[in-house]
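Each residue takes its place number in the sequence, starting with 1.
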Amino acid sequence: LMRRRISEAQAAMTEALASAHRDALTGTFTRSYFLDELNRFARRGSLAALGYLQIDMDNLKVLNDSAGHGAGDAALMALVREMRALMPGAIIGRLGGDEFGVLIPGHDNKPALCRLGEQLLRQLNEPHSIAGRMTRLSATIGVALAPLDSDDPNELIAIADLALYKGKQGGRGCVVPFDPDMLGDERHRRFVERELRAAILMDELELHYQPVVDSGTRTVRSHEALVRWRHRVRGTIAPAQFIGVAEQSNLIDRLGEEGLRRACADL
């Protein structure tokens, strides 16, 4: 009897510990436990064969705003169900509100990993019952492979996140494998962001005014203020090269405020 009670107590303790490491909504691992699991795969400081997918559900905010947070929760749970059905041996963690990490131990084939991600997207695109309505879901997936892309646990997540970011830029709803060229693109983006931040602080941006003409009377009704950046070293930088960078950071608000301030002062 005593042995059975000890066994039951141990089982209850194990279950309690397991539930403490689970996300309350989705049942996936918490971020901290998932990262611990990833680090456990590192032997002698580096990772062996390991597939990694960074998955971000698309347009969850739109679903929350239009159908309520219950619908958003149902969509996340549907995503997790599809992941578990497709990748039964995977280790899944919820890294943020709508972002998940998936570890597939022993996986060493990046094209196959991408096909797995594409299959997940196809299954999400099948109608799901969300808040009483049949809804098609979408996600963007960044893919990286250890040790091919990196044998460092933290870097593996960072480069998969970079691939996911590229997918978001490209229109979402896609699978993007990490490519080393992305690091060059990211370094360029950070350089432009840093220089743009300095340009705003140093009051180096210009406003050019384009008249808005009434097509009937041919009179000027108003003016559109267009930001132009004349860099001290690189010369004139086209808006296409810095507006996108500003939109991906918090600089777009600063840029808007500076433009409005300058336009009011000019007026």
| request: Determine the sole option in R133, E82, M77, Q123 for which the side chain to side chain contact (heavy atoms under 4.5 Å, CB included) test with H128 is passed. | output: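 Filter result, single survivor: E82.
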| request: May I have the step-by-step check of side chain to side chain contact (heavy atoms under 4.5 Å, CB included) for I141 and Q54, ending in yes or no? | output: CA-CA 6 Å; I141 303 175; Q54 188 108 332; over 6 Å; no
| Given E195 and W229, is the side chain to side chain contact (heavy atoms under 4.5 Å, CB included) satisfied, shown in steps? | CA-CA 11 Å; E195 292 283 291; W229 183 8; 3.8 Å; yes
| query | Can you name the nearest heavy-atom pair linking L63 to A75, along with the distance? | reply |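 In this case the closest contact between L63 and A75 is CD2-CB, 3.6 Å.
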| said: Looking at every non-hydrogen atom in both residues, tell me the closest pair between P211 and H223 and how far apart they are. | reply: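 Taking every non-hydrogen atom into account, CA-CD2, 3.7 Å.
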Does a side-chain N-to-carboxylate-O contact under 4.0 Å join [X] and [Y]?
X    : Y    : value
E126 : R122 : no
R189 : E186 : yes
R254 : E258 : no
K61  : D65  : yes

Any link between [X] and [Y] through a network of hydrophobic side chains (Ile, Leu, Val, Met, Phe, Trp, Tyr) touching at under 4.5 Å?
X    : Y    : value
F41  : V102 : no
L148 : L183 : no
F191 : L205 : yes

| message | Is the shortest side-chain heavy-atom distance between M134 and S129 below 4.5 Å? | response |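 Side chain of M134 against side chain of S129, heavy atoms only: contact under 4.5 Å found.
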| request: Kindly indicate whether the side chain of L79, heavy atoms from C-beta on, has any atom under 4.5 Å from the side chain of I55. | output: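 L79 vs I55: side chains touch.
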Count the heavy atoms of every other residue, nucleotide or ligand shown that sit under 6.0 Å from [atom1] of [X], and state whether that count exceeds 12.
X    : atom1 : result
L201 : CG    : yes
R261 : CZ    : yes
M202 : CE    : no

| query | Sequence neighbours excluded, which residues qualify as salt bridge (Lys or Arg N to Asp or Glu O under 4.0 Å) partners of K168? | reply |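 Salt bridge (Lys or Arg N to Asp or Glu O under 4.0 Å) list for K168, sorted by chain: D56, D58.
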| query | Do the side-chain N and O atoms of D149 and Y52 include a donor-acceptor pair separated by under 3.5 angstrom? | reply |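 Note: D149 and Y52 side chains miss the donor-acceptor criterion.
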| Is there a side chain to side chain contact (heavy atoms under 4.5 Å, CB included) between M182 and K166 once you walk through the steps? | CA-CA 8 Å; M182 292 177 182; K166 290 291 180 182; 4.0 Å; yes
| message | Checking H208 against E206 for the side-chain hydrogen bond (donor to acceptor under 3.5 Å, both in side chains) test, could you report, in this order, the C-alpha distance in whole Å, the side-chain angles of both residues, the deciding distance, and whether it holds? | response | CA-CA 7 Å; H208 290 198; E206 302 174 356; 3.2 Å; yes
| field | Charged tip of R94 within 45° of F29 ring normal and under 6.0 Å | value |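 No, a cation-pi geometry is absent between R94 and F29.
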